[in-house]
Amino acid sequence: MKRIISPSLLAADFGNLKADCEMINASEAEWLHIDVMDGSFVPNISFGFPVLEAVRKHCTKMLDVHIMIVHPEKYVKRFAEAGAGMLTFHCEAAENPQEVIDLIRTEGIQVGISVNPDIPVSMLEPYVDKVDMVLLMSVYAGYGGQKFIEETYDRIAELREIMKSRNANCMIQIDGGVNPQNAQKLYEAGVNVLVAGSSVFNSANPVEAIHQLLNV
Ligand code: DX5
Ligand code: ZN
């Protein structure tokens, strides 16, 4: 499957988001990853619809929106209206994950489903053939700049087995602690979408950092 880099806006300069959007536009990143946190599903609060709408105006790439919120079903429509091209919710945050998938489909955008590192991958089994993408968290959702959890490789292998058994061919995204040192191993494990916050935005040359992640 084709490789895609989705830089995480969480690590951008919030005082100058337009400039960072323009950097993304000029880069090889196909998507821009947007982390929405509610202070309830995760301890941290990031930003919401007004920021998303502002970014939508300046960014020409697809907005890959990762919602770390309780009651995802309540907000699907608003995220779609605010410009999400992919909406990824946490399976463990939803009372009825299939309902959330159906709501996102109704909006005509792509559907992603995610789990934190302590949630069994088997929880995703009923959904792998119903979504466009599975996001396996490689850190605990809530903060940028954390260290990549090595057990993620075993979880990717487990997910691929489940996908095979269900004849599913969704994209696999990894989020948290991704850098040029682990990107190659992740591609080899079968991942095709890499989210990268600090390793892109803290780099002296973010456009080059994106190029490197794509071409390791
Ligand atoms: C964490 C977020 C990530 C985060 C990644 O809850 O979902 O997208 O921004 O940041 P880095 O790449 O710095 O680990
Ligand atoms: Zn994320």
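For ligands, and for the atoms within them, numbers begin at 1 and follow the listed sequence. Atom set for the values below is all heavy atoms of this structure, side chains included, hydrogens, waters and symmetry mates excluded.
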Among all protein non-hydrogen atoms, which one is nearest to [atom], and what is the separation to 0.1 Å?
atom	result
atom 10 (O) of ligand 1	Gly144 CA, 3.6 Å
atom 14 (O) of ligand 1	Gly177 N, 2.8 Å
atom 12 (O) of ligand 1	Gly197 N, 2.7 Å
atom 9 (O) of ligand 1	Ser8 OG, 2.8 Å
atom 2 (C) of ligand 1	Asp35 OD1, 3.4 Å
atom 13 (O) of ligand 1	Ser198 OG, 2.2 Å
atom 5 (C) of ligand 1	Asp175 OD1, 3.5 Å

For N/O/S atoms only: which one belongs to [X] and is nearest the Zn ion (ligand 2)?
X	value
His33	NE2
His66	ND1
Asp35	OD1
Asp175	OD2

Side-chain ([X]) to main-chain ([Y]) donor-acceptor, under 3.5 angstrom:
X	Y	answer
Lys61	Ala29	yes
Asn44	Gly142	yes
Ser114	Leu135	yes
Gln146	Tyr140	yes
Arg56	Cys59	yes
Asp132	Val111	yes
Asn25	His58	yes

With a cut-off of 4.0 Å, which atoms of ligand 1 are near a heavy atom of [X]?
X	answer
Met68	6 (O), 7 (O)
Leu10	9 (O)
Met137	7 (O)
Met37	6 (O)
His66	7 (O)
His33	8 (O)

Would you say Ile24 and Val51 are hydrophobically clustered, going by side-chain heavy atoms of ILVMFWY under 4.5 Å?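 Yes.
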So is [X] polar-close to ligand 1, meaning N/O to N/O under 3.5 Å?
X	value
Gly142	yes
Ser199	no
Gly176	no
Val195	no

Proximity flag Ala11 to ligand 1, non-hydrogen atoms under 4.0 Å: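 No, that is not the case, since the closest heavy atom of the residue is not under 4.0 Å from the ligand.
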With a 4.0 Å cut-off on heavy atoms, is Ala196 in contact with ligand 1?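 Flag set, Ala196 near ligand 1.
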So between Tyr143, Tyr140, Phe201, Phe148, whose heavy atom ends up nearest atom 1 (C) of ligand 1?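 Checking each option, the heavy atom nearest atom 1 (C) of ligand 1 is found in Tyr143.
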How long is the span from the [atom1] atom in [X] to the [atom2] atom in [Y], to the nearest 0.5 Å?
X	Y	atom1	atom2	value
Leu136	Gln173	CG	CD	9.5 Å
Ile5	Asn192	CD1	CG	10.0 Å
Ser8	Ile34	OG	CD1	8.0 Å

Grab the two heavy atoms, one from His33 and one from Asp64, that are nearest each other, plus how far apart they are.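 Heavy atoms only, the tightest pair is ND1-OD2, 2.9 Å.
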Does Ile156 reach the side chain of Leu186, with side-chain heavy atoms less than 4.5 Å apart?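 Ile156 reaches Leu186 side chain to side chain.
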Above 12 or not: heavy atoms from other molecules or residues under 6.0 Å from OH of Tyr75?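 Not more than 12 within 6.0 Å, no.
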